[in-house]
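See below for the structure under consideration.
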Amino acid sequence: MTQLMLYNTRTRAKELFVPLDAENVRAYLCGPTVYDRAHLGNARNVVIFDILIRLLRRLYPRVTYVRNITDIDDRINERAAARGVTIEEVTEGPVRWYHEDMGALYTLPPDIEPRATEHLPEIIEIIERLIANGHAYEAEGHVLFSVASDPAYGKFSGRSTDELIAGARVDVAAYKRDAGDFVLWKPSSPDLPGWDSPWGRGRPGWHIECSAMSWKHLGENFDIHGGGDDLIFPHHENEIAQSCCAFPGSNFANVWVHNRMLLVNGEKMSKSLGNFFTLNEVLDKAPGEAIRFLLMRSHYRSTLDFSEAGIKEARAELDRFYRAIQQHPGADREVAVMLVFDALLDDLNTPAAIAALHKYADLALAGNAAGAAALKTAGKLLGLFNMTPEEWFRGGIDQGAIEGLIAQRVLARIAKDFAESDRIRDVLLKEHGVIIEDKPGGAYEIRKA
RNA sequence: GGUCCGGUGGCAGAGUGGUGAUGUAGCGGACUGCAAAUCCGCGUAUGUGGGUUCGAUUCCCGCCCGGACCUCCA
C-alpha cells in the first residue's frame, strides 16, 4: 500500500485520503480552552495529530496545520472574575504551559495558531450570514442557530433531531424555538468580557469560534478536521451546521479524524472522579518522549487506559531502542522503512509501526548497521529519538558526584573485593539513582535508574 | 431510557474466514565474580451461547460485562 487510508467519522468507514489540493493539504485540530493546565487526554489528541501531520508532510509538498486557542469561554471568565483580572491575564499562563507541555512531547507547533479573540469580525460575519439566510434568529439578546432550519443537522453524529429534543437533559431556555438550538452569540453583562456586535455587546458561543477560525485560515472547504470523539456531538455537529449553512454548497471538512478517550482506571479522566492527570504532573515522573511513546502504543481509535505500569513499559521499550541506536553511532543515513510507513498509512496503526521498530532494533542489536539506520529513520517518522543515547541514558547524571565512587569500585573489582564493589553499586543506585553495568575487560557503563 | 463502540495470553496491544503480531512481566539456559544488558529457548489468550461455512477469533443473532455520547468535555 502506498496511499493513506484514514477512518472518516463522517462516513464511518476507512477511506483513501484524497486531498482537495495536493499542493497544500489543509488540516484543523480543535485546540485547548486556555483556563488551566493541559491534561493527558489533550496530549493524546495532539500527539496523534502530530503523527498524522508528520506523515502528511512525507506525502505532500505542503501541509497547513491550524490549531486554535479558545480564549473566549465562560470558564475563563469565571476565573477572571474570581481573581479580579482580565481574561488576557488568565489565559497567558495556560497558553505558555500548553506550548511548553506539547513541546516536551516533541509535537510540532501548528503553522497557524489562531485565537478566538482575534476573530470577532469573522465570527460576526458568519452569524450575519446565518441570520440572513434563515438559519439563525435573534432572541432576547441571544443569537441562536435553528436546528430545524438545517435538514442535515444530526446526520454527522448519527442522531435525529427528535431524539435530541427528547433527550435534552438540561433546562431549555424559553427563548429557544427548539430545544436543540444552540447559542451563536450571547449578551455579556457589564462585568463580563464582551465585544460590540449588531446584537449588542456580547460574546460568541464556543462552536462558532472554530467555524470562524477554520474558515479564515483554511477556507470554506478543507481536508482534515481532528479532535477527541467526545467533540463529535455537539461541537463538531454544530460546526458543520454553522459552516455549511453559512456557506451554501460547502462541505466544511472532508475527513474527520477522532481519537477515542484516554481512560484512567477504566474511566474517562475527569476532575470529579479524581482520576485527573495534568501533563505537567506526568512529565515530572517520566521523560516526555516516554509519555509520547506511551500515547502511541495503542491505536488512536481505541481507548487507552493510562497507568504507571504503562509508563514503565514505555520507558523499557525506548531503552531497548536507544541501546540499539547506541551500538551504531554512524548509522544516520535515511533508509526505506516500508514496514513502519505502511503501518502508518493504514489509518495510523502506530502499534503495528512499533512492532516494526522492534524488528529493526533486533537487527541493530545483532550488529546490523542498516537496522539501526532503519530504526532511526522510522523513529523520525514517529517523532521519536529526539535525544542521543547519551542524553537518554545519562542526561542529568551528576558525574562529579559519582566519579569517586566509581573509581573505588574499579579498584575493588581489581582486588576482587566483590563485597565492596557490590556495596558501592548499591550506593550508586540508592543514593544517586545510577545503575552501573560491568562490561567485558573491566569496562563499565552507567545509566539513570 | 436513546445512540454508538469494545471484550485477544499475568498485563499492554495489533492483525486476520484457514494452525494468533509485537512488547512487557514470568520461567529455563548462555554470558557475568554476582548482577545488568544482550543472545537462545519455554509457557499461557480470542467473554458466553447459538447460526452461516469445508473451516470463525474474524461474518450474523442472543446473552453477559465494560466504556463513550445524549448540548462543560481532547
Side-chain angles (χ1 to χ4, degrees), chain A residues 9 12 29-33 35 38-49 73-75 78 147 154 157-160 162-170 172 176 179-183 205-207 226-235 237-238 258-263 266-272 293-294 297-305 307 309-310 312-317 319-320 323-324 326-327 343 346 349-359 361-362 365-367 393 413 416-419 421-422 425-426 429 435-440 444-447 449:
Chain A
T9 305
R12 317 264 158 174
L29 179 66
C30 284
T33 299
Y35 66 101
H39 61 248
L40 263 175
N42 298 300
R44 182 185 199 194
N45 185 225
V46 176
V47 166
I48 291 299
F49 215 72
D73 180 89
D74 284 348
R75 285 164 295 182
E78 280 167 24
V147 295
S157 57
R159 38 199 105 207
S160 68
D162 292 347
E163 189 187 297
L164 291 170
I165 292 168
R169 63 179 180 183
V170 292
V172 178
K176 288 190 181 182
D181 291 353
F182 55 91
V183 171
W206 173 38
H207 315 301
D229 74 351
D230 56 344
L231 295 186
I232 292 171
F233 188 88
H235 187 51
E237 182 76 61
N238 291 357
H258 289 101
N259 61 282
R260 292 287 277 283
M261 294 294 97
L262 183 136
L263 311 180
E267 286 182 291
K268 183 176 167 179
M269 247 183 15
S270 75
K271 287 181 178 174
S272 57
F293 188 70
L294 172 65
R297 286 174 83 231
S298 51
H299 187 82
Y300 76 95
R301 285 192 292 110
S302 299
T303 53
L304 165 58
D305 203 347
S307 67
K312 275 188 190 157
E313 288 191 16
R315 282 193 67 170
E317 285 188 65
D319 280 347
R320 183 163 193 272
R323 259 181 217 114
Q326 184 171 233
Q327 291 191 9
D346 183 16
N349 191 337
T350 49
I354 290 169
L357 247 44
H358 281 287
K359 295 288 184 196
D362 287 344
L365 287 165
F393 287 118
R413 292 194 73 229
K416 298 209 186 306
D417 183 353
F418 295 121
S421 79
D422 290 351
R425 181 164 66 193
D426 201 49
L429 177 61
I435 291 169
I436 186 162
E437 299 173 350
D438 296 313
K439 299 292 172 187
Y444 63 86
E445 195 167 274
I446 62 169
R447 65 183 166 96

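The model shown is predicted, which means the values in this text are computed figures rather than measured ones. Every chain is numbered from 1 and lettered A, B, ... according to where its sequence line falls, protein lines coming before strand lines.
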Next on the checklist: Using heavy-atom distances to pick each residue's nearest nucleotide on RNA chain B, tell me which of A/Ala356 and A/Thr303 is more 5'.
Outcome noted: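 Upstream on the strand: A/Thr303.
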Checklist entry - So which one's nearest nucleotide on RNA chain B is more toward 5', A/Ile435 or A/Tyr300? => result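 The residue mapped nearer the 5' terminus is A/Tyr300.
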Checklist entry - Which whole number of Å gives the distance between the C1' atom of B/G62 and that of B/C69? => result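 Result for the C1' pair: 25 Å, nearest Å.
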Next on the checklist: Using the P atom as the point on both nucleotides, what is the distance between B/G28 and B/C60, in whole Å?
Outcome noted: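 Their P atoms lie roughly 45 Å apart.
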Checklist entry - Taking the six-membered ring of A/Tyr300 as reference, does the NZ or CZ atom of A/Arg260 fall below 6.0 Å from its centre and within a 45° cone about the axis? => result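 No, cation not above the ring by the 6.0 Å, 45° rule.
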Checklist entry - So what's B/U46 paired with, Watson-Crick or G-U wobble, going by both distances under 3.5 Å? => result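 For B/U46, the partner nucleotide comes out as none, under the 3.5 Å rule.
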Checklist entry - B/G6 C1' sits how many Å from A/Leu263 CG, rounded? => result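 Spelled out: CG on A/Leu263 to C1' on B/G6 is 11 Å.
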Next on the checklist: Rounded to whole Å, how long is the line connecting atom CG of A/Leu304 with atom P of B/G13?
Outcome noted: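 After rounding, the reported distance stands at 6 Å.
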Next on the checklist: Can you tell me if A/Tyr444 has over 12 outside heavy atoms packed within less than 6.0 Å of its OH?
Outcome noted: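 Not buried by this count: 12 neighbours or fewer within 6.0 Å.
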side-chain N/O [X] vs [N] OP1/OP2, d < 4.0 Å:
{"X": "A/Ser302", "N": "B/A14", "answer": "yes"}
{"X": "A/Asn349", "N": "B/G15", "answer": "yes"}
{"X": "A/Lys359", "N": "B/U22", "answer": "yes"}
{"X": "A/Arg323", "N": "B/U38", "answer": "yes"}

Checklist entry - So what does A/Gly310 hit on the nucleic acid, given a heavy-atom distance under 4.0 Å: a base, only sugar-phosphate, or nothing? => result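 The residue A/Gly310 makes no contact with any strand.
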